[in-house]
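Reading through the structure tokens given below for one structure.
In the text below, chain A, chain B and the rest are named by the order of the sequence lines, each starting its count at 1.
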Protein chains: 2
Amino acid sequence: MTKADISLKGTKVQPLKKPRTELEPGARRRKKFDDKRQFILETALSVFSKYGFHGTTIEQIANSADISKTNLFYYFSNKEELYLTILENILNDWLKPITVFEEVDDPEDVLKNYIRLKLELSRDQPEASRLFCLEIIQGAPILKGYLENELKSILQDKSKVIESWVSKGKIKPINPIQLIFFIWSTTQHFADFNVQVKAITGKDLSNKKFFEETCSAIQQLIIDGLKRPRL
Amino acid sequence: MTKADISLKGTKVQPLKKPRTELEPGARRRKKFDDKRQFILETALSVFSKYGFHGTTIEQIANSADISKTNLFYYFSNKEELYLTILENILNDWLKPITVFEEVDDPEDVLKNYIRLKLELSRDQPEASRLFCLEIIQGAPILKGYLENELKSILQDKSKVIESWVSKGKIKPINPIQLIFFIWSTTQHFADFNVQVKAITGKDLSNKKFFEETCSAIQQLIIDGLKRPRL
DNA sequence: AACTTTTCAGACCAAATGGTCTGTTTTAAA
DNA sequence: TTTAAAACAGACCATTTGGTCTGAAAAGTT
């Protein structure tokens with residue numbers, strides 16, 4: 001999406017003559033405002049994820065978004081607010097896949113599904129993944145509280161599901177948290193270390209074949225690694 | 001190691017009176033110089049790994065090392081040289097463990113051993129791991145060439161070992177590069193995402209029990225995941 | 001002890017950068 | 001078409017920061 005797309009939305013979609021109908025007053029303006037804000041956020045994510053918070057200048061972002069620095073400050077009162085808003089948005093997407101963990105289901109289905117969803121995230125939102133990684137590496141100054149509370153409690157919840165699988169003999173004994181870490185690390189690796197992966201394999205998750213190969217390799221390893229012994 | 005250690009080495013070890021014997025001229029000076037340089041490197045690694053290249057100021061490093069900014073510039077002509085030197089040093093340690101891959105050996109032994117070595121690295125050099133990760137995430141501006149050449153060829157070499165295991169039926173078929181990526185990602189996760197791991201588990205690789213538990217969890221998953229089907 | 005070289009510190013500088021101020025243009029609504 | 005509010009731009013500012021210059025202290029050598 002480029003700047004042009006945005007402007008087009010605002011001007012062409014609404015035929016130049018008049019507002020088609022009476023929306024709530026200010027609705028059009030609000031939408032345009034929100035759209036542009038959103039666009040800036042996407043651009044900024046792209047830049048932040050490349051150079052980190054400190055390595056990114058407001059001017060870089062403004063240039064990338066094809067607006068003036070001043071204009072950017074019209075939409076976000078300062079650099080931190082911009083950065084923070086992005087991180088918040090990321091968290092949502094990042095956590096969605098984990099909802100697939102439900103006790104009633106078959107471990108193999110759930111795990112396969114979860115791995116695929118996470119890998120899709122690495123493919124479709126690699127920048128978000130990298131920004132998240134940058135934040136964590138640097139000590140999670142912003143997200144620390146979130147990790148220790150929300151995330152922790154969610155994981156404890158999901159751990160119970162895994163534990164129930166173990167106690168029912170559906171999978172071999174394993175520390176549930178370790179299992180989750182294992183899935184996170186292997187899937188996110190392909191976003192965070194994308195450059196390294198590409199340098200060595202010449203490929204990318206955006207390559208469909210490579211994606212499928214990677215996906216099933218991870219799935220197989222984990223599924224087979226969890227099969228009860230002497231099956 | 002603190003700044004004090006350094007000075008002590010220079011002053012106390014050599015009894016104040018006189019040089020014990022005639023070393024090559026300038027040898028004492030050179031050693032002192034090298035030691036201090038090394039100390040600065042270690043301090044700088046610690047700071048860089050926390051805040052990244054751009055997020056780190058020379059003054060921060062100087063303060064951490066308890067020397068003046070000017071003094072730092074006496075040992076390193078600029079910020080980049082300092083950063084680069086650190087990265088070079090890291091690469092060496094980072095690659096050492098992979099030498100355990102030898103065809104003659106038993107896959108299980110080799111893999112277990114390799115996983116342990118990598119995990120030890122994550123435990124003992126987490127800062128190095130994080131700095132390396134930062135570099136890769138940001139597109140590996142410095143290391144890209146290295147990745148595409150040296151590293152790639154090393155991996156191709158080791159891949160053959162793994163492939164030979166597969167063709168001999170010692171392990172089930174898997175893409176060797178993928179396998180190596182899995183090991184890298186799972187082990188390095190505990191250094192790079194240390195904060196997250198700690199936030200959720202309350203523990204660390206520095207915790208001996210947690211280290212062993214993690215090590216065998218990864219080992220088991222991978223070993224069992226690679227066992228030939230219908231054993 | 002004298003002398004030379006190395007090591008270090010404080011003042012200083014120029015560029016970069018986050019952010020503001022003032023005023024102009026654009027736009028939606030009437 | 002008019003008008004008030006919203007959107008935007010350029011000049012400007014204060015601070016930070018990588019890096020230099022000059023000279024003083026420290027250490028090694030004879």
Once you round it to whole Å, what is the distance between [atom2] of [N] and [atom1] of [X]?
{"X": "Ile61(A)", "N": "dA16(C)", "atom1": "CD1", "atom2": "C1'", "answer": "15 Å"}
{"X": "Lys69(A)", "N": "dC13(D)", "atom1": "NZ", "atom2": "P", "answer": "14 Å"}
{"X": "Asp66(A)", "N": "dC8(D)", "atom1": "CG", "atom2": "P", "answer": "12 Å"}
{"X": "Phe53(A)", "N": "dG18(C)", "atom1": "CZ", "atom2": "C1'", "answer": "10 Å"}
{"X": "Asn78(A)", "N": "dT17(C)", "atom1": "CG", "atom2": "P", "answer": "17 Å"}
{"X": "Asp34(A)", "N": "dA6(D)", "atom1": "CG", "atom2": "C1'", "answer": "14 Å"}
{"X": "Arg30(B)", "N": "dT5(C)", "atom1": "CZ", "atom2": "C1'", "answer": "14 Å"}
{"X": "Glu80(B)", "N": "dT17(D)", "atom1": "CD", "atom2": "P", "answer": "17 Å"}

May I ask you to verify if any side-chain N or O of [X] is less than 4.0 angstrom from the OP1 or OP2 atom of [N]?
{"X": "Tyr75(B)", "N": "dC8(C)", "value": "yes"}
{"X": "Asn71(A)", "N": "dA9(D)", "value": "yes"}
{"X": "Arg28(A)", "N": "dA29(C)", "value": "yes"}
{"X": "Lys36(B)", "N": "dC8(C)", "value": "yes"}
{"X": "Lys32(B)", "N": "dT6(C)", "value": "no"}

query = For the side chain of Thr70(A) and the base of dG19(C), is some donor closer than 3.5 Å to an acceptor across the two?
reply = no

task = Determine whether any donor atom in the side chain of Lys79(A) lies under 3.5 Å from an acceptor atom in the base of dG19(C), or the reverse, and answer yes or no.
result =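 Counting by modelled atom types and ignoring angles, no donor-acceptor contact under 3.5 Å is found here.
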
message = Any carboxylate oxygen within less than 4.0 angstrom of a Lys/Arg side-chain nitrogen, looking at Lys31(A) and Asp35(A)?
response =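 Yes, Lys31(A) and Asp35(A) are salt-bridged.
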
query = Any chance the side chains of Gln60(A) and Thr56(A) put a donor and an acceptor closer than 3.5 Å?
reply = no

ask   = For Ile115(B) and Cys215(B), which heavy atoms make the closest approach, and how far apart are they?
value =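 Nearest pair, atom of Ile115(B) first, then Cys215(B): CG2-O, 4.4 Å.
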
Go through [options] for me and flag the one nearest to the [X] side chain.
{"X": "Thr57(A)", "options": "dT17(D), dT17(C), dC8(D)", "value": "dT17(C)"}
{"X": "Phe73(B)", "options": "dG19(C), dC8(D), dG19(D)", "value": "dG19(D)"}
{"X": "Tyr74(A)", "options": "dG19(D), dC8(D), dT6(C)", "value": "dC8(D)"}

inquiry  = I want to know whether Phe33(B) and Tyr75(B) have ring centres closer than 6.0 Å.
reply    =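 Close enough - the centres of the two rings lie under 6.0 Å apart.
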
key: Centroid-centroid under 6.0 Å between Phe181(B) and His189(A) rings   =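 When the ring centroids of Phe181(B) and His189(A) are compared, they turn out to be within the sub-6.0 Å range.
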
task = Let me know, please, whether Glu59(B) or Arg29(A) comes out on the 5' side of the other along DNA chain D by nearest nucleotide.
result =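 Final value for this comparison: Arg29(A).
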
